[in-house]
S.K.: 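Would you mind keeping the following structure in view while I ask a few things?
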Amino acid sequence: MNAPLANSRFLRACRREPVDATPLWFMRQAGRYMPEYRALRSKHSMLELCRNPALATEVTMQPVNAIEVDAAILFSDLLLPLEPMGIPFDFIKGEGPQIERPVRTRADIDAVKVFEPREALGFTMEAIRLVKRELGGRIPLIGFAGAPFTLASYAIEGGHSNNFALTKALMYGDPEGWHRFAARLADIVADYLVAQIEAGVDAVQVFDSWVGALNAADYREFALPHTQRIFAALEGRGVPTIHFGVASASILGEMREAGGDVLGADWRITLDEAWDRIGHDRGIQGNLDPTLLLGPEDRLLAGVADVMRRAAGRPGHIFNLGHGILPPTNIERVQAVARFVHAWKPE
Ligand code: CP3
């Protein structure tokens, strides 16, 4: 990594070093709220965009060129590793992901394939190299993958779920099978993230989006050991790690134990309280409610100011939303948030 990049606001904040302005990026900063994205999407499916390195690069760069973000995130999807595991899926318009044959039995679990990400997901590694060239050292690139609980929940439920009934039924009903599945997912995800680091990403985020469905005891028993294995595999590789979950306020302490230089928090908890729970020896990323972007600008900016005030100028805050940008969002609102955060002076 070149020296100016290592000194970028985003990477400095990941290391809890002082910064000239709070760095920010937005989860789902590339996507349907952008006219440029919708234009490309009218010609290609979501999976085509992910699997074509030139198109994935173009989409990754769209928000970088339109908004003052301090990091790019690779355009891809959490679910891409499922296909080479032998769990094919597609994105269905208006419904989200749909897994063809969900994982439900011990035989299904044992059939899950471990694969070489540098080959099976070689298009992702190629996209990383192209994006790095395109960025030319201006801002860092974030790579990502899903944590075992969140990935397993898609594989088991067959798509999105509100209560994770099938996932929990398998977890409680066949703990040994669950652990075998989650351990295999952890090995695959760790190798996939290492491959992304080798290809050039400057930081990685582990998305455990749905882990807030677990209480602390269940998180500790069923998720923590596997997520911990991923972070252990990333140690000493020279890139900071971010660990993100939604509705995870009650398990932030356990998530911290699993790993991450920076922990994500959503809007259901105030940023200062979340940081107390995480501990000030780690960074924090968050935590504006993405629906505030849909309302009036004064209320939006009051929400941003509240987040900034609660961060209190402490090193180690990366501004972000508590979850992804929603499709009806107006890009001007996102640009206004970026300008506001960068202009903020600690009071
Ligand atoms: O943040 C970024 O800009 C990078 C791109 C990115 C996408 N998905 C693009 C995407 C990232 C980091 C993800 C991660 C992801 N994918 C997560 C974890 C983050 C989170 O939101 O909690 C999850 C749970 C998924 C699975 C997934 N992908 C779902 C449930 C859906 C359908 C829901 C929806 O918003 O339509 C997707 C599709 C998806 N992934 C889109 C994008 C831009 C929309 C695709 C389209 O129709 O154009």
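We count ligands from 1, going down the list as the structure has it; atoms in each ligand are counted the same way.
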S.K.: Taking the six-membered ring of W275, is the NZ or CZ of R314 close enough (under 6.0 Å from the centre) and on axis enough (within 45°)?
M.R.: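 Cation-pi check for R314 and W275: passes.
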S.K.: Which atom names give the shortest non-hydrogen contact between A66 and M34, and what distance separates them?
M.R.: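 What the structure gives for the nearest pair is CB-CE, 3.8 Å.
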S.K.: Considering only non-hydrogen protein atoms, determine which one is nearest to atom 37 (C) of ligand 1 and report residue, atom name and distance to 0.1 Å.
M.R.: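 Here the nearest protein heavy atom works out to F91 CE2, 3.3 Å.
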S.K.: Can you list the atoms of ligand 1 that are under 4.0 Å from a heavy atom of Y37?
M.R.: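 Near Y37, meaning under 4.0 Å from one of its heavy atoms, ligand 1 has 43 (C), 45 (C), 46 (C), 48 (O).
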S.K.: By the definition salt bridge (charged side-chain N to carboxylate O under 4.0 Å, His left out), identify the one residue from R104, R180, K168, R106 that meets it with D174.
M.R.: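 So the option named by the test is R106.
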S.K.: Quick check: W210 and ligand 1, any N/O pair under 3.5 Å apart?
M.R.: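 In fact, backbone or side chain, W210 has no N or O that close.
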S.K.: Would you check, one step at a time, whether the test side-chain contact (heavy atoms from CB on, under 4.5 Å) holds for V337 with L292?
M.R.: CA-CA 11 Å; V337 168; L292 276 175; over 6 Å; no
S.K.: Starting from atom 36 (O) of ligand 1, which protein heavy atom do you reach first, and at what distance in Å?
M.R.: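 The answer is R32 NH2, 2.8 Å.
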S.K.: Return yes if some donor-acceptor pair links the side-chain N/O of N287 with the main-chain N/O of I269 below 3.5 Å, else return no.
M.R.: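 Yes: the side chain of N287 pairs with the backbone of I269.
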S.K.: Looking at M27, which atoms of ligand 1 are within less than 4.0 Å of one of its heavy atoms?
M.R.: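 Near M27, meaning under 4.0 Å from one of its heavy atoms, ligand 1 has 1 (O).
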S.K.: Is ligand 1 less than 4.0 angstrom away from at least one heavy atom of H160?
M.R.: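 H160 does not count as a contact of ligand 1 under the 4.0 Å cut-off.
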S.K.: Provide, to 0.1 Å, the distance between atom 1 (O) of ligand 1 and the closest protein heavy atom, together with that atom's residue and name.
M.R.: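 The answer is R28 N, 2.6 Å.
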S.K.: Using a 4.0 Å heavy-atom cut-off, which part of V246 comes near ligand 1: side chain, backbone, both, or neither?
M.R.: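 Neither; no heavy atom under 4.0 Å.
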S.K.: Please state whether the rings of W210 and H160 are parallel, tilted or perpendicular, taking 30° and 60° as the class boundaries.
M.R.: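 Rings of W210 and H160: perpendicular, as their planes differ by over 60°.
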S.K.: Which residue supplies the protein heavy atom nearest to atom 11 (C) of ligand 1, what is that atom called, and how far is it?
M.R.: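 I find the closest protein heavy atom is F144 CZ, 3.6 Å.
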S.K.: Determine whether the side chain, the backbone, both or neither of H323 has a heavy atom under 4.0 Å from any heavy atom of ligand 1.
M.R.: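 Just the side chain.
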S.K.: When you measure from atom 29 (C) of ligand 1 to the protein, is at least one non-hydrogen atom found at a distance under 4.0 Å?
M.R.: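 For atom 29 (C) of ligand 1 the answer is yes, since some protein heavy atom falls inside 4.0 Å.
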S.K.: Side chain, backbone, both or neither: which part of S76 has a heavy atom under 4.0 Å from ligand 1?
M.R.: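 Backbone only; the side chain of S76 stays clear of ligand 1.
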S.K.: Quick one: does L74 get within less than 4.0 Å of ligand 1, heavy atoms only?
M.R.: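 Right, L74 reaches ligand 1.
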S.K.: Could you work out, for atom 31 (C) of ligand 1, the closest of G143, P327, P97 by heavy-atom distance?
M.R.: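 It is P97 whose heavy atom sits nearest to atom 31 (C) of ligand 1.
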S.K.: Could you tell me the residue and atom name of the protein heavy atom closest to atom 46 (C) of ligand 1, and the distance to it rounded to 0.1 Å?
M.R.: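 Its nearest protein heavy-atom neighbour is R41 NE, 3.3 Å.
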S.K.: If I apply the N/O under 3.5 Å rule, does W25 come out as touching ligand 1?
M.R.: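 Looking only at distances, the answer is no, because the N/O contact criterion of under 3.5 Å is not met.
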S.K.: Evaluate the side-chain proximity of I197 to D202: yes if any heavy-atom separation is below 4.5 Å, no if none is.
M.R.: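 The answer is no, as the side chains (C-beta and beyond) never meet within the 4.5 Å cut-off.
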S.K.: Please write down residue, atom name and distance for the protein heavy atom closest to atom 8 (N) of ligand 1.
M.R.: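 Looking only at protein heavy atoms, the one closest to atom 8 (N) of ligand 1 is D77 OD1, 3.0 Å.
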S.K.: For residues D261 and R15, determine if any side-chain heavy atom of one lies less than 4.5 Å from a side-chain heavy atom of the other.
M.R.: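 Side-chain contact under 4.5 Å: no.
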S.K.: Can you tell me the protein heavy atom closest to atom 24 (C) of ligand 1 and the distance?
M.R.: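 Among all protein heavy atoms, the one nearest atom 24 (C) of ligand 1 is Y154 OH, 3.2 Å.
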S.K.: Is ligand 1 under 4.0 Å from a heavy atom in the side chain of K93, in the backbone, in both, or in neither?
M.R.: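 Looking at K93 and ligand 1, no heavy atom falls under 4.0 Å.
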S.K.: So, R12 side chain and P18 main chain: donor-acceptor pair closer than 3.5 Å or not?
M.R.: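 Indeed, once roles are kept as given, a pair shorter than 3.5 Å links the two residues.
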S.K.: Taking the basic N atoms (NZ, or NE/NH1/NH2) and the acidic carboxylate oxygens, is any pair closer than 4.0 Å for R333 and E297?
M.R.: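 Counted as a salt bridge, because a side-chain N and a carboxylate O are separated by less than 4.0 Å.
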S.K.: Students should be able to answer this: which protein heavy-atom is nearest to atom 42 (C) of ligand 1, and at what distance?
M.R.: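 Protein heavy atom at minimum distance: M46 CE, 3.7 Å.
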S.K.: Rounded to the nearest 0.5 Å, how far does CG of N330 lie from OH of Y33?
M.R.: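 It comes to 10.5 Å.
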S.K.: Are F75 and Y37 near enough that their ring centres are under 6.0 Å apart?
M.R.: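 Between F75 and Y37, the centre distance is under 6.0 Å.
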S.K.: Return a yes/no value for S209: is any of its N or O atoms, backbone included, closer than 3.5 angstrom to an N or O of ligand 1?
M.R.: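 Yes: some nitrogen or oxygen of S209 is under 3.5 Å from one in ligand 1.
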S.K.: Look at the side chain of R101 and the backbone N and O of I87, then say whether any donor-acceptor pair between them is shorter than 3.5 Å.
M.R.: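 Checked: no pair found.
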S.K.: Are F207 and F144 close enough that their ring centres sit under 6.0 Å apart?
M.R.: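 Yes: the rings meet the under 6.0 Å criterion.
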S.K.: Decide whether an N or O pair under 3.5 Å exists between Q29 and ligand 1.
M.R.: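 Yes.
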S.K.: Is A30 close to ligand 1, meaning an N/O of one under 3.5 Å from an N/O of the other?
M.R.: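 Checking ligand 1 against A30, an N or O pair does fall under 3.5 Å apart.
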S.K.: One residue to check: L78. Relative to ligand 1, which of side chain, backbone, both or neither has a non-hydrogen atom less than 4.0 Å away?
M.R.: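 Answer for L78: both.
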